[in-house]
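Everything numeric in this text was worked out from a predicted model, so none of it was measured. All values below come from the heavy atoms of this structure, side chains included, with hydrogens, waters and symmetry mates left out. Start at 1 with the first residue, then count along the sequence.
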Amino acid sequence: MKRTLVWFRRDLRIADHEPLYRAAKRGAVIPVFVFDQALLHHPETGAARVAFLLGCLESLDGDLRSLGGRLILRSGDPVQVLPELVRETQAEGIYAYTDCERIYGRVRDARLNHALAEQGLKIRWFEPPASVSELMPYPRYRQLWHRHMNAPVVPTPQQVIVPDVVESEAHPQLEALGHRPDNKTIPRGGTAEARQLLQDFLSEKSDRYYWQLSYPSAEATTGLSPHIKFGAISVRECVQTVQRAQDGGDLRVRRSQRQLISRLRWGSGFAQRFRYLPQLELRSLYSSFDEADWNFDETLYEAWQAGMTGFPIVDAAARCLQSTGGYLALNFRSRAIYASFLSNLLGMDWRFGALHFMRHLIDGDCPIDHYQWAMQAGVTHCIDKTWTRIYNPGQVAVDRCDPEGDFIRKWVPEVAHLPSALLGCPPPLKGYPAPILDYRQARQRRVEQLEAQRGSFLQAGNIVPYLARMPVDLTPFGCDRIPSQIAWTQTPNADLFPAALDLDALDEKQAQALRTWFVAHVNIAPPKIQRRSRKRKFDPNVQQLSLQF
């Protein structure tokens with residue numbers, strides 16, 4: 001009987017999984033997950049996300065056992081582990097999805113390709129839906145995304161036969177992987193849980209999702225983002241489940257369903273941008289921003305991390321992130337206010353913010369997290385948009401996002417006794433700091449800085465000359481602050497698989513296609529600052545533009 005090794009990475013499911021389905025049709029399967037130390041000890045890896053991963057692996061093992069199989073666990077460098085496992089099991093080769101989340105992963109997969117070729121072994125890579133190597137204009141990609149999402153889901157294998165002789169390591173505890181629990185509540189992982197969350201959303205939240213998503217106390221999000229990050233459920237299954245749902249003729253439900261599908265598409269779009277430009281993990285989109293000096297003050301950074309800035313809505317977001325992992329309780333508007341404060345008002349490099357987020361987010365996904373951090377900082381923005389949203393973290397933000405103060409009072413008990421009208425700018429309080437900056441002065445400095453930095457490329461017809469190139473040094477940001485496994489960065493002449501765009505080889509047509517990924521495809525006017533009535537808690541006219549599932 002033919003044997004195929006299926007390497008699971010961020011696709012921890014048995015449904016809509018083409019490598020597993022194809023391998024099972026061929027014969028016996030060796031489904032394997034490798035605990036990769038370079039990822040487990042990447043500076044942006046958080047303990048809570050690893051704990052959630054372990055839950056997803058347990059669920060995947062149970063799902064495979066329901067088909068007669070089981071999950072094989074191994075530890076080490078996949079470049080060594082996988083060829084050894086192929087020989088041990090006498091498999092004909094490896095099936096796996098490509099993955100473009102991390103530069104490290106693409107260096108590792110290129111090394112694996114070379115190692116297998118040298119040993120006369122085979123691997124077949126499968127493209128996940130909506131991931132393509134071809135450089136195409138964004139409007140065309142959007143059409144491709146819809147085609148891929150509307151294609152039939154890949155059937156679940158009827159059975160998965162795993163040879164009895166293949167041994168697996170025991171399912172590890174978090175501490176054995178070098179991480180300690182940080183007291184966050186870890187949601188249950190796996191396909192069944194993801195499907196239940198989606199059904200709960202459709203039955204309980206879809207009449208209010210669109211309108212309430214800006215309000216942190218509404219808890220209107222689906223909670224699906226950690227499951228999507230690890231592939232416990234495919235984006236295609238989510239889209240088709242939402243499309244099949246009845247709306248009962250309710251415009252509110254229909255609009256919320258469309259909004260959720262749009263957010264799923266935006267997530268795929270961020271991943272595709274990183275496929276083209278993996279340097280976005282380490283750099284701003286335009287080189288001029290990284291050539292300028294950022295401010296950095298360790299004391300202010302620690303105050304921002306701990307939720308002690310003196311701005312209650314910022315501090316509520318900070319404490320919510322560290323306590324919950326953010327995936328359900330910290331909505332996109334809270335994340336945006338919190339992020340804007342660090343980069344636009346404190347003037348600190350957005351990468352310090354992304355590092356902190358990824359250390360705590362249970363749903364942390366590098367392309368989504370880094371791209372949106374850079375967007376909030378105004379350094380990876382639409383080429384044809386002259387303004388950057390800089391949030392006023394005072395009463396304006398409270399009135400707009402938490403008008404009843406429920407979110408702030410939950411996470412900042414020092415101000416819980418104050419009326420809502422004082423939650424933006426509280427009076428001096430024992431045990432709570434005064435504001436660590438003057439908003440108007442800080443905002444003016446940032447606006448002037450951004451205008452100067454953008455002058456060279458704004459409205460440019462060809463943006464390629466202004467884009468940051470792949471750095472020679474691929475060392476992850478933050479490894480000087482957090483113990484990390486970075487020996488892989490010493491690999492000479494490291495290739496990437498899948499390969500990145502060669503910016504210097506693009507012709508004029510390709511350059512224009514790339515530009516379409518960084519322009520506004522809707523008419524986004526600068527925001528008008530309005531004080532909202534605290535009596536109307538949710539504004540149905542707010543347009544949602546950022547990602548949160």
Heavy-atom neighbours of Arg319 CZ exceed 12 at 6.0 Å: yes

Are Arg106 and Glu281 within salt-bridge range, i.e. N to O under 4.0 Å? no

Between Tyr286 and Phe457, how do the two ring planes meet: parallel, tilted or perpendicular, split at 30° and 60°? parallel

Between Cys479 and Ile486, what is the shortest heavy-atom contact and its length? SG-CD1, 4.0 Å

If only atom types and distance count, is the side chain of Glu18 paired as donor or acceptor with the main-chain N or O of Phe126 below 3.5 Å? no

Step through the shown structure and confirm whether more than 12 heavy atoms of other residues, nucleotides or ligands are within 6.0 Å of CD on Glu88. yes

Is it the case that the side chain of Asp315 and the backbone of Thr309 share a donor-acceptor pair, with hydrogens and angles ignored and the cut-off at 3.5 Å? yes

For the residue pair His370 and Trp350, categorise the inter-ring angle as parallel (less than 30°), tilted (30 to 60°) or perpendicular (more than 60°). perpendicular

Taking C-beta and beyond as the side chain, do Arg70 and Val166 meet within less than 4.5 Å on heavy atoms? yes

Does any donor atom in the side chain of Asn331 or Thr221 lie under 3.5 Å from an acceptor atom in the other side chain? no

Ring centroid separation Trp304 to Phe341 under 6.0 Å: no

Under a 3.5 Å cutoff, is there a donor and acceptor pairing between the side chains of Arg446 and Gln449? yes

Distance-only donor-acceptor check, side chains Ser343 and Gln376, under 3.5 Å: no

Taking all heavy atoms of Pro476 and all of Leu282, pick out the closest pair and write down the distance. CA-CD2, 4.1 Å

For this output row, return yes or no: ring centroids of Tyr95 and Trp7 closer than 6.0 angstrom. no

For residues Phe33 and Phe35, establish whether the separation of their ring centroids is below 6.0 Å. yes

Can you tell me if Thr191 and Arg13 form a side-chain donor-acceptor pair at under 3.5 Å? no

Any non-hydrogen side-chain atom of Glu44 less than 4.5 Å from a side-chain atom of Phe357? no

Side-chain H-bond candidate by donor/acceptor type, His171 with Asp61, under 3.5 Å: no

Applying salt bridge (Lys or Arg N to Asp or Glu O under 4.0 Å) between Arg9 and each of Asp99, Asp109, Asp36, report the one that passes. Asp109

Any donor-acceptor pair under 3.5 Å from His227 side chain to Leu197 backbone: no

If you count heavy atoms of other groups shown closer than 6.0 angstrom to CD of Glu167, is the number above 12? no

Can you check side chain to side chain contact (heavy atoms under 4.5 Å, CB included) on Cys238 and Ile233, steps first, answer last? CA-CA 7 Å; Cys238 292; Ile233 189 171; 3.8 Å; yes

Give a yes or no on whether a salt bridge exists between Arg108 and Asp77, defined as a side-chain N under 4.0 angstrom from a carboxylate O. no

Does the ring center of Phe477 lie less than 6.0 Å from the ring center of Phe352? yes

Would you say the rings of Tyr338 and Tyr391 are close, in the sense that their centroids are separated by under 6.0 Å? no

Does the side chain of Thr516 reach to within under 4.5 Å of the side chain of Met136, using non-hydrogen atoms? no

On the 0 to 90° scale, with breaks at 30° and 60°, tag the Tyr301-His356 ring pair as parallel, tilted or perpendicular. perpendicular

Check: Met348 and Trp294 side chains under 4.5 Å, non-hydrogen atoms: no

If you take all heavy atoms of Ala48 and Asp182, which pair is closest and at what distance? CB-OD1, 4.0 Å

Do Tyr104 and Trp488 have their ring centres less than 6.0 Å from each other? yes

Pair Asp200-Arg195, salt bridge (Lys or Arg N to Asp or Glu O under 4.0 Å): steps then yes or no: CA-CA 9 Å; Asp200 290 346; Arg195 287 171 172 168; over 6 Å; no

Side chains of Leu112 and Pro78: closer than 4.5 Å at any heavy-atom pair? no

OG/Ser234 to CE/Met149 distance, rounded to the nearest 0.5 angstrom? 7.5 Å

Thinking salt bridges, do Arg49 and Asp363 make one under a 4.0 Å N-O criterion? no

Between Glu101 and Arg275, does at least one N-O distance fall below 4.0 Å, as a salt bridge requires? no

Any chance you could lay out the ring pair (Phe, Tyr, Trp, His ring centres under 6.0 Å) test for Tyr276 and Trp517, step after step, and finish with the verdict? CA-CA 10 Å; Tyr276 292 149; Trp517 286 83; 5.4 Å; yes

Met470 and Pro278, any side-chain heavy atoms less than 4.5 Å apart: yes

Other residues, nucleotides and ligands only: do more than 12 of their heavy atoms fall within 6.0 Å of CG on Asn183? no

